Amino acid sequence: MSPKKRARHYWLMKSEPDKYPFSALESEPSGKTMWDGVRNYQARNMMRDEMKVGDGVLFYHSNAKPPGIRGLAEIVTEGYTDQSAFDPDDAHFDPKSDPEKPRWVHVDISAIAPFNELISLQALKDNPRLDGMEVIRKGSRLSVQPVSEREWGEVLKMAGYKGKTSL
DNA sequence: GCCAACGTTGGC
DNA sequence: GCCAACGTTGGC
């Protein structure tokens, strides 16, 4: 029996454009960035246990005017130790993360392409086909969220996106 | 194990 | 700047 190939999974990842906009990811010299500094167990668990190379990412601008999805990215590594947790000078330093038993994990992501226009949070809320999508739920704070294949397709449709959907 | 206090997120 | 909705911490 040949092993069944895992279906592609989809995610939404938030970033504050004042700190790290989608354009910064696009202009990374290495073509990718370490998605480090996440200090939330649910988000960590998804990065550690569920994300696989090739998974699709909706790159979301939070704390923005307006907030919304800016473009597409892709997971390019599986989860590995977040070294920033050990650095006392890092904003996300965690004295409880022991290098012998690291607590925090991150993945690397690369940009696929920006949308021509931001798909605003309001536009997502206004689309009845996206009822139940996590990012539009009141109080939704998780910086890494699963996205269904249907939601992924619908967002691309809203964006009028005709480009490639994976690297 | 409960839960109040506190800190953070993030839309508005 | 406000505040609702969380997640975490720590006393008990």
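Every chain is numbered from 1 and lettered A, B, ... according to where its sequence line falls, protein lines coming before strand lines. None of these values were measured; they are calculated from a predicted model.
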Open item on the list: Using only atom types and a distance under 3.5 Å, with no angle test, would you say the side chain of T33(A) pairs donor to acceptor with the backbone of L25(A)?
Closed with: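 No, T33(A) side chain to L25(A) backbone: no donor-acceptor pair under 3.5 Å.
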Open item on the list: Using a 3.5 Å distance criterion without hydrogens, assess whether the side chain of E154(A) forms a donor-acceptor pair with backbone atoms of L130(A).
Closed with: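 Absent.
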- [ ] Would you indicate whether E50(A), at its atom CD, is surrounded by more than 12 heavy atoms from other residues, nucleotides or ligands within a distance under 6.0 Å?
- [x]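 Yes.
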TODO: May I ask you to check whether over 12 heavy atoms, not counting those of E149(A), lie within 6.0 Å of atom CD?
DONE: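 It does not: E149(A) CD has 12 such atoms or fewer within range.
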Open item on the list: For nucleotides 4-11 of chain C, give me one character per nucleotide, 5' to 3': B if any protein heavy atom sits under 4.0 Å from the base, S if the only such contacts are to the sugar-phosphate, - if neither.
Closed with: SBBSSS--
- [ ] Identify the two heavy atoms, one from V76(A) and one from S110(A), that lie closest to each other, and give their separation to 0.1 Å.
- [x]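 Smallest interatomic distance, heavy atoms only, reads CG1-OG, 3.6 Å.
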Task: Side chains of Q83(A) and D87(A), donor plus acceptor under 3.5 Å - done: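 On atom types as modelled, these side chains do not qualify, holding no pair under 3.5 Å.
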Task: Residue that, paired with D82(A), satisfies salt bridge (charged side-chain N to carboxylate O under 4.0 Å, His left out) out of R44(A), R103(A), R39(A) - done: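 Among R44(A), R103(A), R39(A), the one meeting salt bridge (charged side-chain N to carboxylate O under 4.0 Å, His left out) with D82(A) is R39(A).
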- [ ] Pull out every residue in residues 58-68 of chain A that has a heavy atom closer than 4.0 Å to any atom of DNA chain B, ordered by number, or say none.
- [x]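 Nucleic-acid contacts, sorted: Y60(A), S62(A), N63(A), P67(A).
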